[in-house]
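Keep in mind it's a predicted model, so treat the numbers as computed, not measured. Note on naming: letters A, B, ... go to the chains in the order of the sequence lines (proteins, then strands), and numbering restarts at 1 for each one.
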Protein chains: 2
Amino acid sequence: MTRSALTIEYALLGLLYQQPRHGYEIYQELLAEDGLSLVWRLKQSHLYALLAKLEQQNYVTATLEPQDSRPPRKILQLTPAGREAFLSWLRTPVPQGRQMRQEFLAKLYFAHRLEPTTSATLIDKQRDICADWLASLQNQADMLATERPFEWLVYQFRIGQIEAMIHWLDVCEQAPAAVGEHAA
Amino acid sequence: MTRSALTIEYALLGLLYQQPRHGYEIYQELLAEDGLSLVWRLKQSHLYALLAKLEQQNYVTATLEPQDSRPPRKILQLTPAGREAFLSWLRTPVPQGRQMRQEFLAKLYFAHRLEPTTSATLIDKQRDICADWLASLQNQADMLATERPFEWLVYQFRIGQIEAMIHWLDVCEQAPAAVGEHAA
DNA sequence: GGCCGCATGTAATCTGTTACATGATTCT
DNA sequence: AGAATCATGTAACAGATTACATGCGGCC
């Protein structure tokens with residue numbers, strides 16, 4: 001469950017949220033322009049493995065759609081449980097800074113496309129949390145300023161990263177409408 | 001070999017660079033104040049597993065030091081190969097931004113303690129590389145400004161992170177002597 | 001008597017990741 | 001003839017992580 005994997009799964013749920021799709025279609029979607037390909041890259045076989053797992057967990061159900069002279073498409077559809085899991089994931093800010101790089105970006109992607117009205121809420125929540133991190137880090141950094149120079153540097157690093165995130169969140173909010181525009 | 005692990009191994013080599021130690025001693029060192037505990041946390045059993053691996057790879061050799069009424073200490077010592085691997089790791093800047101968070105911090109930790117004269121070089125090299133990332137990212141962001149708003153946001157995020165890193169590297173250089181002070 | 005410190009590992013689990021497999025159709 | 005697209009997976013590897021195991025001595 002090395003964080004990255006769990007999140008990819010939510011992203012897959014997100015792609016199924018709008019409409020049922022089959023695996024190959026999802027694969028295309030992941031490679032699409034202005035899509036998630038900048039955030040994650042998945043091998044095809046890995047994708048199918050993940051989808052199978054989601055089926056096992058009862059987040060999706062499958063129905064076969066036969067085709068002539070091609071393997072039948074396995075149309076995947078979110079279950080109520082899957083829907084709920086996805087929405088609750090989508091509305092929850094990430095609890096750790098390192099999860100901004102991929103996980104929050106993914107949430108933002110879907111928030112703009114699927115729930116544009118609440119995307120500002122997500123950003124606000126996340127900014128509050130970032131502000132908490134920042135305060136806590138600054139606090140800890142101050143406490144050990146000179147006696148523990150290495151740890152101080154570590155905190156300075158994190159502080160800088162968080163500050164940049166907060167600044168970036170502001171940019172996100174100022175350019176809100178644009179981001180979702182090219183979606184269905 | 002999910003990045004994080006490989007790096008921990010180099011950090012272990014670093015702890016053996018100054019002096020031979022046994023596993024339990026390394027474990028203590030990892031928990032020490034102003035040490036690497038802020039960067040990584042290792043379970044004891046995991047540590048022993050990693051040390052065994054380093055032995056297999058011929059980066060360390062072991063000699064048993066008997067004790068009365070205690071398990072014998074297994075004193076670990078760097079081989080020439082281990083020394084070289086560590087030093088070359090130490091002097092090489094990290095090739096990806098996400099490796100700054102743990103890996104570069106670790107390099108800096110050892111650079112200040114073991115090779116203080118070259119730590120400024122490491123910082124400079126890393127800053128150059130960061131500058132390259134930045135230029136490349138800015139370039140790519142400009143190319144897709146309005147047509148691909150999500151990808152643009154992703155780039156903006158990364159740009160902000162890199163800028164903060166560069167700024168932090170400046171701080172590192174300005175507070176140079178202090179960081180190594182409390183080491184042996 | 002019970003807990004902590006010392007000092008070591010092994011053995012199993014868990015899970016991410018990928019190499020490989022299949023096979024028909026259409027385009028060049 | 002050969003490559004690419006469509007469409008699916010399985011089976012196995014690799015390697016991170018940890019639960020568990022051991023056992024003595026000293027302290028409260």
Is the distance from OP1 or OP2 of C:dA7 to the nearest side-chain N or O of B:Lys74 less than 4.0 Å? no
At less than 4.0 Å, is any side-chain N or O atom of A:Gln67 found next to OP1 or OP2 of D:dA7? Yes or no. yes
For a quick test of reading the model: is some side-chain N or O of A:His22 closer than 4.0 Å to OP1 or OP2 of D:dA7? yes
Checking B:Trp168 against A:Gln156: is there a side-chain donor and acceptor pair closer than 3.5 Å? no
Not counting sequence neighbours, which residues clear side-chain hydrogen bond (donor to acceptor under 3.5 Å, both in side chains) with A:Thr118? List them please. A:Glu115
Results of side-chain hydrogen bond (donor to acceptor under 3.5 Å, both in side chains) for B:Arg70 - residues two or more places apart only: none
Results of salt bridge (Lys or Arg N to Asp or Glu O under 4.0 Å) for A:Arg83 - residues two or more places apart only: none
Would you kindly give the OH-to-P distance between B:Tyr27 and C:dC6, to the nearest whole Å? 11 Å
Nearest to the side chain of A:Arg73, which nucleotide is it out of D:dA16, C:dT8, D:dA7? D:dA7
So, is A:Lys53 near the phosphate of C:dT15, with a side-chain N or O under 4.0 Å from OP1 or OP2? no
Going by salt bridge (Lys or Arg N to Asp or Glu O under 4.0 Å), name the residues that satisfy it together with B:Arg127, two or more places apart in sequence or in a different chain. B:Asp124, B:Asp170, B:Glu173
Rounded off to whole Å, could you give me the CD1-to-P distance for the B:Ile26 and C:dC6 pair? 15 Å
Please confirm whether the ring centroid of B:Phe110 lies under 6.0 Å from the ring centroid of B:Phe86. yes
What is the separation between atom CG on A:Leu50 and atom C1' on D:dT10, rounded to the nearest whole Å? 15 Å
Taking the nucleotide of DNA chain C with the closest heavy atom to each, which residue, A:Leu42 or B:Tyr24, is nearer the 5' end? B:Tyr24
Expressed in angstrom and rounded to an integer, what is the separation of A:Leu47 atom CG from D:dC6 atom P? 15 Å
Closest listed nucleotide, where the reference is the side chain of A:His46 and the choices are C:dT17, D:dT10, C:dT10: C:dT17
In whole angstrom, give the distance that lies between atom CG of A:Leu54 and atom C1' of D:dG9. 15 Å
Side-chain N or O of A:Lys43 versus OP1/OP2 of C:dG16: is the shortest distance under 4.0 Å? no
Looking only at the side chain of A:Gln28 (C-beta and beyond, no hydrogens), which of the listed nucleotides D:dA16, C:dC20, D:dC6 gets closest? D:dC6
Protein proximity profile, nucleotides 22-28 of chain C - base contact B, sugar-phosphate-only contact S, no contact -, cut-off 4.0 Å on heavy atoms: -BBS---
I need the CZ-P distance between A:Arg41 and C:dT18, as an integer number of Å. 13 Å
Let me know the distance between OH of B:Tyr48 and C1' of D:dA21, rounded to the nearest Å. 14 Å
Listed pairs under 3.5 Å, donor-acceptor, residues 136-144 of chain A side chains, sequence neighbours left out:
{"from": "A:Ser136", "atom 1": "OG", "to": "A:Gln140", "atom 2": "NE2", "distance (Å)": "3.0"}
{"from": "A:Gln140", "atom 1": "OE1", "to": "A:Tyr155", "atom 2": "OH", "distance (Å)": "2.9"}
{"from": "A:Gln140", "atom 1": "NE2", "to": "A:Ser136", "atom 2": "O", "distance (Å)": "3.3"}

To the nearest Å, how far apart are A:Gln44 CD and D:dT10 C1'? 14 Å
